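These notes are about the structure you will find just below.
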Amino acid sequence: MKALVTGIAGFVGSHMAEYLLDKNVEVVGTIRNRSRMDHIIDIQHKVKLVECELRDPFSVESLIAEERPDLIFHLAAQSFVPTSWNSPVDTIHNNVAGQLNIFEAVRRLQLPARIQIACSSEEYGHVEPHETPITEDNPLRPLSPYAVSKAAQDYLGYQYYKSYGLHVIRTRTFNHTGPRRGEQFVTSNFAKQIAEIEKGLRPPVVSVGNLQAKRDFTDVRDVVNAYWLALHHAEPGEAYNIASGSCITIQELLDRLLALSTVSIEVVQDPSRMRPSDVEILLGDASRFQHQTGWKPTISFDQTLADLLQYWRER
Ligand code: GDD
């Protein structure tokens, strides 16, 4: 069995590749010429890396024609919400055109590939208090260009299934973190600041943005297991929440990370970290996915945070 992982050098892509190698699956992964390779340094000799610009239809079609994967994990994306405020056109183009090029290549080549697409809880956006925990039937009220790009990917997944019968599974994943999480995302950002303070590399002050937001976190290692199960047991064309089913405020997250540290640290709010509109609460109901696939998260959030802080201490 052969799997294509787009964005293999990224946070989720590198964990996905390790998971697949453990299952003895042949792995092909896309990189770009500017991709950093540090996340896949240990596995790069076990996978096939192909330089492919997903925005370029010719590049994508020749890759898929050559490799003819059985499974496609489409994880490459511009995934940081604040970047989407600064570069909305680039975010939409990157995320939507990249996925369309994969769908079109699979359709034209008439490949029986099963495709998982990385949709997001951000698509739900504004959520009314009575609407939690959020099910897949909740309205999508996206609050950022990133969220709109993910809603477009999600609907295109539905449409390509309905119009052409493509085997697409739309995973709407809530927040996820763990070792290798990019340093701009909140869990890694705080953990990295704390690790640098412990090493004496910065004054004992952590800069933060909005601490009132609530998020539902799952460990990335549980998320890649969910993506595997999605392509083996989920219904094509369907959307599924991937979530832990509980949420915490970003304040609580910060307090839990600070409690793992031995040094005394001050917290200051940095206005540049505030967003034009922030999603207030994301709390997911993953029961549809759990019933369909038997998935459940296995790594506690305390363990995830300890592993993440350790990751930054070792860098
Ligand atoms: N990044 C960041 N940095 N976020 C902060 C900070 C800070 O210093 N302080 C507070 N926050 C708040 C943000 O305002 C947001 O409410 C929350 O922490 C989480 O921010 P991020 O880690 O940047 O993630 P996100 O929730 O915007 O989006 C993530 O989850 C989505 C799924 O819900 C990303 O991983 C997306 O790619 C993913 O789709």
Side-chain angles (χ1 to χ4, degrees), residues 7 10-13 15 74-86 91 94-95 99 117-127 132-134 138 140-154 170-178 180-194 196 205-220 223 226-227 239-244 247-258 265 267-286 301 304-305 308:
F11 165 57
V12 185
H15 283 281
H74 178 41
L75 306 175
Q78 190 306 90
S79 64
F80 189 47
V81 172
T83 297
S84 80
W85 304 107
N86 299 330
T91 298
N94 185 75
N95 294 358
Q99 182 177 288
I117 58 172
C119 304
S120 167
S121 54
E122 273 287 306
E123 292 169 47
Y124 296 115
H126 175 76
V127 174
T132 58
I134 304 164
N138 217 70
L140 305 184
R141 306 185 192 101
L143 290 177
S144 67
Y146 166 78
V148 173
S149 78
K150 286 286 155 182
Q153 284 189 240
D154 196 326
R170 303 137 67 199
T171 47
R172 293 183 185 159
T173 310
F174 286 62
N175 291 58
H176 41 299
T177 188
R180 304 184 207 139
R181 184 30 131 179
E183 66 183 80
Q184 66 273 50
F185 297 88
V186 72
T187 45
S188 262
N189 191 280
F190 292 175
K192 183 176 185 228
Q193 290 188 65
I194 292 169
E196 287 182 352
V205 180
V206 171
S207 298
V208 302
N210 174 20
L211 297 181
Q212 309 314 315
K214 296 185 177 129
R215 292 290 186 274
D216 177 334
F217 286 95
T218 301
D219 193 286
V220 64
V223 168
Y227 292 167
Y240 295 95
N241 287 342
I242 313 285
S244 77
C247 69
I248 58 167
T249 61
I250 302 303
Q251 176 75 60
E252 284 172 71
L253 160 71
L254 174 62
D255 291 343
R256 279 158 85 162
L257 276 172
L258 289 173
I265 296 175
V267 175
V268 291
Q269 195 175 71
D270 170 359
S272 73
R273 290 172 182 251
M274 302 299 281
R275 302 176 179 189
S277 52
D278 201 6
V279 174
E280 277 175 43
I281 177 165
L282 290 174
L283 167 59
D285 177 341
F301 193 49
T304 304
L305 290 182
L308 182 63

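All ligand and atom numbering here is 1-based and tracks the order in the structure. Index from 1, following the sequence. What you are looking at is a predicted structure, and each value in this text was computed from that prediction instead of being measured.
Using a 4.5 Å cut-off on side-chain heavy atoms (C-beta onward), Val223 and Thr171 make no contact. Proximity of Arg215 to Leu253: side-chain heavy atoms (C-beta onward) are nowhere separated by under 4.5 Å.
Residues meeting the ring-ring contact (aromatic ring centres under 6.0 Å, His included) test with Tyr146, sequence neighbours left out: none. Checked against side chain to side chain contact (heavy atoms under 4.5 Å, CB included), Ala226 has the following partners two or more places apart in sequence or in another chain: Ile242, Phe289, Trp295.
A distance-only check finds no donor-acceptor pair linking the side chain of His126 to the backbone of Tyr124 [under 3.5 Å].
Listed by first and then second residue, the salt bridge (Lys or Arg N to Asp or Glu O under 4.0 Å) pairs involving residues 140-153 are Glu131-Arg141 (not counting sequence neighbours).
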Distances for all N or O pairs of ligand 1 and the protein under 3.5 Å?
| from | atom 1 | to | atom 2 | distance (Å) |
| --- | --- | --- | --- | --- |
| ligand 1 | 1 (N) | Gln184 | O | 2.8 |
| ligand 1 | 8 (O) | Arg273 | NH1 | 2.6 |
| ligand 1 | 9 (N) | Gly209 | N | 2.8 |
| ligand 1 | 14 (O) | Asp278 | OD2 | 2.7 |
| ligand 1 | 16 (O) | Arg215 | NH2 | 3.1 |
| ligand 1 | 16 (O) | Asp278 | OD1 | 3.2 |
| ligand 1 | 16 (O) | Asp278 | OD2 | 2.7 |
| ligand 1 | 20 (O) | Arg275 | NH2 | 3.4 |
| ligand 1 | 22 (O) | Val186 | N | 2.8 |
| ligand 1 | 23 (O) | Arg275 | NH2 | 2.7 |
| ligand 1 | 26 (O) | Asn175 | ND2 | 2.9 |
| ligand 1 | 26 (O) | Arg215 | NE | 2.8 |
| ligand 1 | 27 (O) | Arg275 | NH1 | 2.6 |
| ligand 1 | 30 (O) | Asn175 | ND2 | 3.2 |
| ligand 1 | 33 (O) | Ser121 | OG | 2.4 |
| ligand 1 | 33 (O) | Asn175 | OD1 | 3.0 |
| ligand 1 | 35 (O) | Arg181 | NH2 | 2.8 |
| ligand 1 | 37 (O) | Ser79 | O | 2.6 |
| ligand 1 | 37 (O) | Tyr146 | OH | 3.0 |
| ligand 1 | 39 (O) | Ser120 | OG | 2.6 |
| ligand 1 | 39 (O) | Tyr146 | OH | 2.5 |

